[in-house]
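Order of the sequence lines fixes the chain letters, A, B, ..., with proteins taken first and strands second; residue numbering starts at 1 for each chain.
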Amino acid sequence: MKKINTVCIVEDDPVHLFVTNRFLTKSGLVEKVMVCSNGKDAFEQLNGMHLNEELLPELILLDLNMPVWDGWQFLDAFVKIPLKQKVVIYILTSSEASEDVRRAEFYNLKNNYIVKPITLPQLETIIRPLLS
Amino acid sequence: MNQFEQLFQSNNANTLWTSSSGFEGFWYCSINCHIAAWQNPDFLQELGYDTATPPDWLSIIEQEDLADWTHRLADCMAGNNDTFEAFIRYKHIKGNQVQVCIKGTIIKDNQEKPVQWMGTYQNVSGKNENDGMRIFVEQSPTAMAMFDNSLRYIAASPKWQTDYHLEGLELIGKSHYEIFPEIGENWKQIHQECLNGATHRKEEEAFLRQDGSVQWLKWEVKPWYDVYGTIGGIIMYTEEISVKKEAEEKLRISEETFRGSFEYAAVGMARIDVKGHWLTVNQKLCEILGYSRQELDALTFQDLTHPDDLDADLTLFQEVLDGIRDNYQMEKRYIHRSGSTVYAILAVSVVRDLYGHVLYFVSQVIDITYLKKIEQQLSEALQNNQGILDASTQVAIIGTDTKGIITTFNKGAENMLGYTASEVLYKLTPELIHVADEVITRGKHLSELYGESVEGFDVFVFHAKNGSSDTRQWTYIHKDGSHFPVLLTVTAVKRKGDIIGYLGVATDIRLLKQAEEEVKELLFFTQEQNDKLRNFAHIVAHNLRSHSSGIAILLEMLKQDYPELVNEPILTLLHTASNNLNETIKSLSEIVEINNIIKEKMHPLAVKPLVDKAIQQIGIEMFYNRITFHNHIAPHIKVMAVPAYLESIILNLVTNAVKYSSPTKESFLHIEAYQEEKYWILVFQDNGLGINLELHGRKLFGMYKTFHGNNDARGIGLFMTKNQVEAMGGKIEVESQEGVGTTFKIYLKNEEN
């Protein structure tokens, strides 16, 4: 069975991190999980990878409400990296606020907006199209 | 024949007598004889008769004259007169008549017995019979001329000569036409007619003179007769009446003018007699006093004069009557027919006759009621203005002339600024009480805006000068040097459209400023609190959800990983608690969301289909509770609403009706709508359990209130409904009675709003 190489989870809440990680493992569709505790951490790690010309994760599951940099700040910085590969980002948040949904639209992520808790079938639906 | 007779028969004596006395003859006869017994034989010869064969006297006397003569003799005989005089016409042998004046008296003897008639006679036609007429004409004081049959002058009066500028000319014997060659055919015609016996005259006729002026003449042309009764020529008589005519004309024009100006005068006019009665009044006076001419006839000016003004009027009137004055003028009041007061200026003059007696008065009345009213209004307005100026102790009113020099400085300005009016009036400009920097800054601003240099006093009046008023905040400087903010309005003061000064009205806004600051602070504080609250709600809704969903998923995983624990009571309870927590947080999130409602989300929505949909959705529950729905809402009714909210509201109310229907009776829910002002009112009326509003009314729409102990009562429904309705600009009302039923009224704006 094919797998994608790496999924990056940007999440500060250990419970959700645990749950997401667990489902990813359970799905068996992912080779490696990369964890970042906030937006800034994620940007620095991913930017470093880009500068080292390493392969970036194919999928990023991004929480919005985080310390240091929140999800939006990460997005603002991340979109400026001139990527050479395709990276799919899903917002994974517990916010159903219409304000957040509208804002996601601005980053063209309206359809990539999942309200926590994520379920295994949802995760599988996200990953499948990415299996090349 | 007695001696007396003999004496008279002597020719010598007779001739002597005649030549010395001017008598032409002498006569006598007996008392019983009417005809002269003796007469100078020359008399008969004069008449052309032969003295040898004298004619019968009676046959040569005009019968009419004989009768007159006889009558006069009888009068004398009767003793009525001592003498008589008679004019007797004798017939000349040629046929023409000769008039003789005969005078006579009675001669009495010693015994006073009449014995004889005796008298004189004189030929009054005579031989040169036209001389009398000629002399008369020559000496006439009027313009008169006498002509013969060929229109040759026989005589002309001096007046004739002067009137026709003929002085010094020898007229006699000359033809009239030679003297006046310009005489026209019409006149020659008249002359000829007169020579044939006609008389022409005109009382007045205009003759155009060569110099263009008009000469008015009264004239008469008539024939004159010689002693033989034949026409000897004509006599012309003229009288210059131009002066009289002019005077007449002047009088006529004057009268006409007076009548015209009297009747059509712009002021009321009247002639008044000495008692005050109206003799004649003009139309204008009738209008001023409101009476007709007929009504005024029965009244005096005293009747119509305001009682307070009557004495003054009568005093002056009497002074004119007494000759102390000839006229007077006064301001007085009349009483109009309607009872209202008429203010007037009265001018009275007097017309007297030759002897100084008053004939009548001429009154002129000018109605000044309108002016008086304006004057009173103006006076009131001025008083009001002064009152305002004086009473405004808290508002500074400062007036200036066009140069900025202060001309008004009211009590309020004194109070506000610490200066007295006398310190600033006519000396200083408002720049004294302004902060110079502010004026300069404002001046620069205006200069930039309008591209012209504005500085000094012009800064304050720039807008006022251009026809608008200017209200803005300035800082005033008190005499003691302290500064304070004012709101100053500057307007132009105009007279007949020209600016004659400016008026500045300033209000001390220190307190207002202070209040404004306080309100700002309060608003800021409130805003902060509100933000905190919103933030709190957000955190609650968001973070709690994150945690609770974590708990829920962990529980799920626990169940999957350790299926043996599924029936463990603790885990079951934990699961329930987790679900409840999730539910609570979901509601909270929704409420936070409602407050962020945006107007653009509202659309006109048809209500009826949404109600039908809601009924359909809960069909199953309806089955259990045996409730009947009556949707009476007309299909066309639309309200402004957010679709999800309206659906939620309707579903909630319909669900409530089902949930709280009475298990003991046939339940129903009536749904209808009616319009009131800008609202459509949706009415949901059931006959369910009802709510004790006295107990629960206050809390009905609160969060987490359930009233019936139903298993599935979330206690959030009505709270949500109320929030949603209000977020859409509507309101909700409830009427309920326990055991009877509940009626909800939802007010939602209609489509037009």
- Task: Name, in order of residue number, those residues of residues 7-24 of chain A that have a heavy atom at a distance of less than 4.5 Å from a heavy atom in chain B; otherwise write 'none'.
- Result: Asp13(A), Val15(A), His16(A), Phe18(A), Val19(A), Arg22(A), Phe23(A)

- Is a side-chain donor or acceptor of Glu676(B) paired with a backbone partner of Ile681(B) at a separation under 3.5 angstrom? no

- Query: For Thr93(A), is it the side chain, the backbone, both, or neither that has a heavy atom closer than 4.5 Å to a heavy atom of chain B?
  - Reply: side chain

- Message: Between Asp686(B) and Thr742(B) (side chain of the first, backbone of the second, donor and acceptor by atom type, cut-off under 3.5 Å), is there such a pair?
- Response: yes

- Message: Taking salt bridge (charged side-chain N to carboxylate O under 4.0 Å, His left out) as the cut-off, I'd like each qualifying pair that reaches into residues 50-64 of chain A, sequence neighbours left out, listed once.
- Response: Asp63(A)-Lys116(A)

- Message: Strictly below 4.0 Å, N to O, side chains only: are Glu99(A) and Arg103(A) in salt-bridge contact?
- Response: no

- Message: Would you say Asp41(A) and Gln45(A) are linked by a side-chain donor-acceptor pair, where the criterion is simply a distance under 3.5 Å?
- Response: yes

- Message: Once you measure the plane-to-plane angle for Tyr747(B) and Tyr679(B), does it fall in the parallel (<30°), tilted (30-60°) or perpendicular (>60°) bin?
- Response: perpendicular

- Item | Positions in residues 556-576 of chain B that reach chain A, provided some heavy atom is under 4.5 Å away | Met557(B), Gln560(B), Asp561(B)

- Run the side-chain contact (heavy atoms from CB on, under 4.5 Å) check on Asn38(A) and Phe74(A) step by step: do they pass? CA-CA 9 Å; Asn38(A) 64 57; Phe74(A) 167 79; over 6 Å; no

- From the options Leu61(A), Leu92(A), Leu123(A), select the one residue that forms a side chain to side chain contact (heavy atoms under 4.5 Å, CB included) with Ile114(A). Leu92(A)

- Main-chain N/O of Ala644(B) paired with Glu647(B) side-chain donor or acceptor, under 3.5 Å: no

- Task: Sequence neighbours left out, what passes salt bridge (Lys or Arg N to Asp or Glu O under 4.0 Å) with Lys32(A)? Give chain and number order.
- Result: none

